[in-house]
4 protein chains.
Amino acid sequence: MKQNKPKYKQIIDAAVVVIAENGYHQAQVSKIAKQAGVADGTIYLYFKNKEDILVSLFKEKMGLFIEKIEGETSGKTKAADKLYVLIEKHFSLLSEDHHLAIVTQLELRQSNKDLRLRINDVLKGYLNVVDSIIQIGKETGEFREDLDLRLARQMIFGTIDEIVTTWVMNEEKYDLTALAGKVHHMIVRGFGSSQ
Amino acid sequence: MKQNKPKYKQIIDAAVVVIAENGYHQAQVSKIAKQAGVADGTIYLYFKNKEDILVSLFKEKMGLFIEKIEGETSGKTKAADKLYVLIEKHFSLLSEDHHLAIVTQLELRQSNKDLRLRINDVLKGYLNVVDSIIQIGKETGEFREDLDLRLARQMIFGTIDEIVTTWVMNEEKYDLTALAGKVHHMIVRGFGSSQ
Amino acid sequence: MKQNKPKYKQIIDAAVVVIAENGYHQAQVSKIAKQAGVADGTIYLYFKNKEDILVSLFKEKMGLFIEKIEGETSGKTKAADKLYVLIEKHFSLLSEDHHLAIVTQLELRQSNKDLRLRINDVLKGYLNVVDSIIQIGKETGEFREDLDLRLARQMIFGTIDEIVTTWVMNEEKYDLTALAGKVHHMIVRGFGSSQ
Amino acid sequence: MKQNKPKYKQIIDAAVVVIAENGYHQAQVSKIAKQAGVADGTIYLYFKNKEDILVSLFKEKMGLFIEKIEGETSGKTKAADKLYVLIEKHFSLLSEDHHLAIVTQLELRQSNKDLRLRINDVLKGYLNVVDSIIQIGKETGEFREDLDLRLARQMIFGTIDEIVTTWVMNEEKYDLTALAGKVHHMIVRGFGSSQ
DNA sequence: AATGAATGAGTGTTCATTCAT
DNA sequence: CATGAATGAACACTCATTCAT
């Protein structure tokens with residue numbers, strides 16, 4: 001398994017650093033190799049081509065991301081609590097990894113359509129977690145019965161993603177994780193004054 | 001004012017078509033020139049460089065977009081009604097312009113950080129409309145007093161944007177405008193069952 | 001017609017020089033461009049890719065070659081005389097163009113199968129001239145009636161080509177053209193002594 | 001002697017197969033190693049470098065080739081008969097070894113000048129056989145006294161080689177060996193009608 | 001104003017060879 | 001003897017921009 005060889009992870013971590021610090025279009029393979037401390041050619045012993053590095057990067061990092069979030073949400077029973085944990089964890093995980101936040105929110109989005117389609121595939125794992133939370137909420141009566149699953153999922157992901165992206169673009173000047181409560185409340189209770 | 005000369009608009013419209021049909025990275029200046037029916041060099045009499053075409057494109061189209069939405073929302077008194085109109089109009093305007101939808105939702109996002117910052121500047125006009133609706137809602141008591149303006153804005157924009165992007169990626173297979181009501185309800189009332 | 005533009009010929013002539021002096025595998029596009037006094041990119045305004053330069057080179061040069069030989073042979077009536085002129089002209093034309101001789105006899109043969117097939121296509125023009133001479137000879141009774149056209153053609157071309165190649169590999173140390181008479185005699189009369 | 005170790009021949013035979021099936025430029029050392037059933041590095045225990053494989057290949061195969069032809073020709077007394085046997089054997093040996101025919105006639109010619117010079121060295125053994133036949137013919141009066149040894153040799157080799165190459169390029173669709181008689185007659189008696 | 005020929009900087013990938021095990 | 005992971009040099013081609021006409 002190539003995934004277990006140390007150089008595989010070494011190169012992926014190097015790619016995150018290089019992309020975060022130089023931008024997507026300035027992340028040449030030779031720069032990644034140098035950062036990883038290997039020769040250019042060595043990259044191609046572990047990855048089919050440059051795109052494969054980027055997809056693998058996203059898979060590895062997003063895989064861990066989803067795992068952690070799944071682990072945390074499974075500790076809660078109520079859908080609303082699960083949702084809170086998801087938001088809070090999403091924010092905190094990216095707050096803790098400056099480079100990864102830049103890469104996933106800004107740089108990787110500059111990739112071409114093919115790459116973005118493959119990235120979206122990986123994202124499906126995350127969206128499945130979201131879906132199951134909504135489903136549970138509907139079943140327990142916490143959420144409206146007539147809630148549209150797809151739209152609800154898109155609202156949750158769209159809101160979280162937009163908030164994180166703005167935070168990254170603002171150079172992470174404020175405490176993202178601290179916003180989790182308010183965001184959670186907006187999603188669950190909406191804008192309306194409680195009457 | 002160059003903006004009033006016929007070739008200015010001609011080139012921008014050509015850019016929309018070329019980018020929509022070929023993708024951002026295959027939208028060479030020479031292709032845009034050909035589509036516009038002018039020589040390559042002529043482009044540079046109206047635009048400083050390629051980036052300038054894209055920013056101008058976004059400004060022109062988004063300007064019209066904002067104008068129309070502002071016009072429609074001003075016809076409503078209540079914040080919730082204004083918000084509904086904004087969502088409905090946002091969906092319908094993009095539904096009506098296939099090329100523009102592809103360009104703004106998919107292709108232009110592949111641009112580099114600089115260009116995206118300038119695009120965000122243009123977007124501020126739209127976000128101001130959103131802000132004023134939220135503000136009105138808070139003042140009239142329609143919306144919660146403690147609603148965080150920035151977060152609310154990000155939720156509205158993030159939700160709408162994610163829904164439109166998914167719709168475009170799904171090749172616009174379903175009726176986007178028909179979703180306005182549900183989306184509006186989710187935003188204003190949240191997921192919670194009405195108690 | 002691109003073929004009439006001065007830079008087209010300029011680049012082809014540069015390619016002949018560069019290949020002759022550096023060898024096929026050391027004839028980089030940038031070297032050819034430099035020799036031609038144009039920018040690298042200019043090459044691609046006149047040629048589809050590197051292979052296209054080489055095929056065009058062969059077409060142009062071999063085209064002239066065939067034209068001249070056809071012109072000279074048509075001045076003779078008897079097949080044997082035509083054949084003599086063909087051999088003599090073949091030798092003298094390559095004797096006069098040192099660079100071309102190296103390129104066609106040694107360097108261009110290092111190309112891959114695809115390119116060689118396209119080169120063979122061009123050669124067909126030359127072989128047609130040979131064929132028509134043999135045909136005439138057979139019709140006039142100068143040559144044996146049962147002479148196999150294909151084999152005779154291959155003997156003529158194989159002999160001439162081998163002699164020229166050896167001469168080029170020996171660094172053109174002797175007078176090639178002076179050999180025409182003997183070669184002609186060997187082909188027409190064979191090795192046999194008195195008949 | 002490395003030449004006697006089993007892996008030496010194993011690698012050479014692998015090279016013939018790989019070059020014949022993939023072409024000269026697609027015959028990577030790693031592919032040859034795989035075909036030979038050894039590790040890449042093992043190649044370098046038996047050969048100085050890649051070029052050495054090819055030269056050795058040519059030496060081994062051409063050595064056998066010359067041996068066989070020498071053996072057969074020595075069984076004849078008259079020069080013309082020896083020449084016939086040489087042509088017939090040359091054709092039949094290559095007809096029997098499809099891979100070798102492709103490698104010697106098409107693929108190995110794509111090598112660079114250095115390699116071709118070393119290949120020519122090996123070829124000298126073959127040309128010496130040809131020379132001795134011509135010499136004998138001149139001495140016995142079978143061939144013209146004033147026959148130019150070098151040109152006669154080049155005619156014989158050039159003719160045979162061209163005929164074989166064409167046959168290989170035509171995917172060996174016809175019986176090559178059957179042509180020996182006609183070719184022999186053309187060389188010895190020429191094109192002229194016997195009067 | 002309009003043209004379009006010319007420019008030239010920039011980069012992913014292959015593969016012969018080495019050498020520590 | 002044998003291995004095979006690691007090396008790193010080398011190059012065709014694109015395309016935004018310019019400027020002489």
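Quick note: numbers below take in every heavy atom, side chains included, and nothing from hydrogens, waters or symmetry partners. Lettering of chains follows the sequences in order, A, B, ..., and the numbering in each one begins at 1.
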Checklist outcome for this item: Regarding the side chain of A/Asp40, the nearest nucleotide among F/dA9, F/dA6, E/dG12 is F/dA9

Checklist entry - Hey, is the side chain of C/Tyr46 poking within less than 4.0 Å of OP1 or OP2 on E/dA6, counting only N and O atoms? => result yes

Checklist entry - A/Lys50 has an atom NZ; how far is it from atom C1' of E/dT14, in whole Å? => result 17 Å

Next on the checklist: Using 0.5 Å steps for rounding, measure from the NZ atom of B/Lys9 to the OG atom of B/Ser56.
Outcome noted: 10.5 Å

Checklist entry - Quick one: D/Phe47 CZ to E/dT18 P, roughly how many Å, whole number? => result 16 Å

Checklist entry - Mapping D/Ala39 and B/Asn49 onto DNA chain F by nearest heavy atom, which one lands closer to the 5' end? => result D/Ala39

Item to check | Base paired to F/dT3 (Watson-Crick or G-U; both N/O distances under 3.5 angstrom) | outcome: E/dA20

Item to check | 5' precedence on DNA chain F between C/Gly41 and D/Thr42 (nearest-nucleotide basis) | outcome: D/Thr42

Next on the checklist: Strictly below 4.0 Å: does D/Lys7 bring a side-chain N or O up to OP1 or OP2 of F/dA2?
Outcome noted: yes

Next on the checklist: Could you tell me how far apart C/Lys48 (NZ) and F/dA12 (P) are, to the nearest whole angstrom?
Outcome noted: 16 Å

Checklist entry - What do the steps show when you test D/Leu106 against C/Arg116 for side chain to side chain contact (heavy atoms under 4.5 Å, CB included), and what is the final call? => result CA-CA 10 Å; D/Leu106 300 186; C/Arg116 286 223 307 299; 3.8 Å; yes

Checklist entry - Roughly how far, to the nearest 0.5 Å, is CG of B/Leu94 from CZ of B/Phe65? => result 4.5 Å

Item to check | Value in whole Å for how far the P atom of F/dC11 lies from CD1 of C/Ile43 | outcome: 15 Å

Next on the checklist: Checking contacts here: which listed nucleotide (F/dT7, F/dA6, F/dT3) is nearest the side-chain heavy atoms of A/Val38?
Outcome noted: F/dT7

Next on the checklist: Distance check needed: E/dG12 P versus A/Tyr44 OH, whole Å only.
Outcome noted: 7 Å

Item to check | Salt bridge present between C/Asp121 and C/Arg118 (N-O < 4.0 angstrom) | outcome: no

Checklist outcome for this item: Expected list for residues 18-36 of chain B near DNA chain F, using heavy atoms below 4.0 Å, is B/Gln28, B/Val29

Checklist entry - D/Thr165 and D/Val168: side chain to side chain contact (heavy atoms under 4.5 Å, CB included), yes or no, with the steps? => result CA-CA 5 Å; D/Thr165 298; D/Val168 174; 5.8 Å; no

Checklist entry - Can you check the A/Leu45 CG to E/dT13 P distance for me, whole Å? => result 14 Å

Next on the checklist: As a quick check of understanding, evaluate side chain to side chain contact (heavy atoms under 4.5 Å, CB included) for C/Phe58 and C/Leu123, giving each step before the final call.
Outcome noted: CA-CA 9 Å; C/Phe58 199 75; C/Leu123 263 184; 4.2 Å; yes

Item to check | Evaluation steps, side chain to side chain contact (heavy atoms under 4.5 Å, CB included), between C/Tyr24 and D/Asn112 | outcome: CA-CA 8 Å; C/Tyr24 181 81; D/Asn112 59 40; over 6 Å; no

